[in-house]
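One structure below.
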Number of protein chains: 2
Amino acid sequence: MRKSEQTRLSIMQTSAQLIYVKGYQSTSIDDILSSMQVTKGAFFYHFKNKEEMALAFIKELMYPGMRMMMVEPLLNSKDPIKTISKQLKDILNNKVHFDMRYGCPMINLIEEMSPLSEAFSNSLKMMTLTWVNAISDCLKRGQANGQLRPDVNTLEVANYMVTGYAGARNMGKIFGIKSYQSFLKQFSFYMESLR
Amino acid sequence: MRKSEQTRLSIMQTSAQLIYVKGYQSTSIDDILSSMQVTKGAFFYHFKNKEEMALAFIKELMYPGMRMMMVEPLLNSKDPIKTISKQLKDILNNKVHFDMRYGCPMINLIEEMSPLSEAFSNSLKMMTLTWVNAISDCLKRGQANGQLRPDVNTLEVANYMVTGYAGARNMGKIFGIKSYQSFLKQFSFYMESLR
DNA sequence: TTTGAAACATACCACTTAGTATGTAATGAG
DNA sequence: CTCATTACATACTAAGTGGTATGTTTCAAA
């Protein structure tokens, strides 16, 4: 019961990497299998089909990873505006988990899959909402502390931030790092105007 | 020489519609042909291959369409900030050329194809830059008229606006119309802060 | 009216695709 | 040890893929 779990995990990890680079629809099962030491029998033993595998990796790998990187840094912050601006900068400049050319795995999947599959759409929607709500809560705490104007609609600002992030990941694919820097600068102007 | 041009155009138009909905890579040539009264012989008579066809439709249909909808409204504006905010609203709410579920054809292609093909990337980059520059020029005229703070970096603001647009199209796919409205409201706050 | 190029139409091909059928090896409870 | 379940491995299939080869029709100039 131990090694098989590792096989299942490896399949999801390899898939995640390939889907990140090539997209879901043009990553074939054969692609996945030939880039690791696993056969088709193993794949269809662990997963009912390709879509179930992708949904599993979203739920079991992408979602927890997102919580760690996007949600946890927002808890217990002293200065929400600074925390949030800094988080956006940290994520966009994170070269370990992201490659500028390929953008953000979550945003990519929203772009590609949400119009094609209700199941994908729902998973991605919930994941995105988790981040949006975390940002909103963070801002609300700042509002309680008087660091943020009381008339600010925190949920709307949170949505605006995630929207900006998604756009930056898109523009980054053609314009490169410059577009990140440029975006971050203007976004921080916006954030400061909320004080 | 007349009817054949119509055939060529029809192929590109049908392709554009299918690619908009399903994406480039998962729209097959057979898909395109079976949704119109044209055969494979005609397709490969007019286009060398699938990619050349897509590049042709970007250049000959998408680009001119973009200029008409995104660039021309910005020429000869009296109040650039208002013009630009209004344009963004008009485009996002345009139900004739866009479907919320499928986002924006240009943004979709950037997302899907720019990491996979230099040729796509260059076409899309040039097209996007055309819009960015038009916005920047519009803002510059406002700056000359004193309607915009002189210290504002118009090119950076233009990039920021297009980035926001791209993000809004992405978020719209999962959150629907509400995310458009919410984004537009916050973006107009940002724009007003440039006066 | 002839004729040759342009504009298609049809049939086919090698390859890839998700998924299945059926085998065999590992493993852990009794 | 034993044996049934688990965890794979191998070989295959039917449908789809981009693209080609080879036709047949259309049409405009001579």
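Residue numbers start from 1 in every chain, and the chains themselves are labelled A, B, ... in the order their sequence lines are given, proteins ahead of strands. Worth saying up front: this structure is predicted, and the values here are computed from it rather than measured.
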Below 3.5 Å, can you tabulate the donor-acceptor pairs from side chains in residues 35-42 of chain A to any protein atom, sequence neighbours excluded?
residue : atom : partner : partner atom : Å
A:Ser35 : OG   : A:Asp31 : O            : 3.3
A:Ser35 : OG   : A:Ile32 : O            : 3.0
A:Lys40 : NZ   : A:Asp30 : OD1          : 3.0

OP1 or OP2 of C:dC8 under 4.0 Å from side-chain N/O of B:His46: yes
Gap between atoms NZ and C1', on B:Lys50 and D:dT17 respectively (whole Å): 9 Å
same_hphob_cluster(B:Ile177, B:Phe175) at 4.5 Å side-chain heavy-atom cutoff: yes
Salt bridge (charged side-chain N to carboxylate O under 4.0 Å, His left out) pairs, two or more places apart, involving residues 112-123 of chain A: none
Heavy-atom side-chain proximity of B:Ser4 to B:Tyr45 below 4.5 angstrom: no
A:Val157 side chain near A:Ser136 side chain, heavy-atom distance below 4.5 Å: no
List every contact pair, protein side and nucleotides 9-12 of chain D side both N or O, where the distance is under 3.5 Å.
residue : atom : partner : partner atom : Å
D:dA9   : OP2  : A:Thr39 : N            : 3.2
D:dA9   : OP2  : A:Thr39 : OG1          : 2.8
D:dA9   : O5'  : A:Thr39 : OG1          : 3.4

For residues 58-73 of chain B, dump all side-chain donor-acceptor pairs below 3.5 Å to protein atoms at least two apart in sequence or in another chain.
residue : atom : partner  : partner atom : Å
B:Glu60 : OE1  : B:Arg8   : NH2          : 2.6
B:Glu60 : OE2  : B:Arg8   : NH2          : 2.5
B:Tyr63 : OH   : B:Arg67  : NH1          : 3.2
B:Tyr63 : OH   : B:Thr130 : OG1          : 3.4

Integer-rounded Å distance: D:dC8 P and A:Phe43 CZ: 14 Å
B:Tyr45 side chain near C:dC8 phosphate (N/O to OP1/OP2, under 4.0 Å): no
Distance, rounded to the nearest Å, where B:Glu51 contributes CD and D:dG19 contributes P: 9 Å
Between D:dT6 (C1') and A:Glu5 (CD): distance, integer Å: 12 Å
Any residue meeting salt bridge (Lys or Arg N to Asp or Glu O under 4.0 Å) with B:Glu52, in chain and number order, not counting sequence neighbours: none
Distance below 4.0 Å between B:Thr7 side-chain N/O and C:dA7 OP1 or OP2: no
Residues in contact with DNA chain C, drawn from residues 12-31 of chain A - heavy-atom cutoff 4.0 Å: A:Thr27, A:Ser28, A:Ile29, A:Asp30
Distance under 6.0 Å and angle within 45° of ring axis: B:Lys50 vs B:Tyr24: yes
Protein-nucleotide distance (B:Leu33, atom CG; D:dT17, atom C1'), rounded to Å: 12 Å
A:Tyr160 and A:Tyr190 aromatic ring geometry - parallel, tilted or perpendicular at 30°/60° bounds: tilted
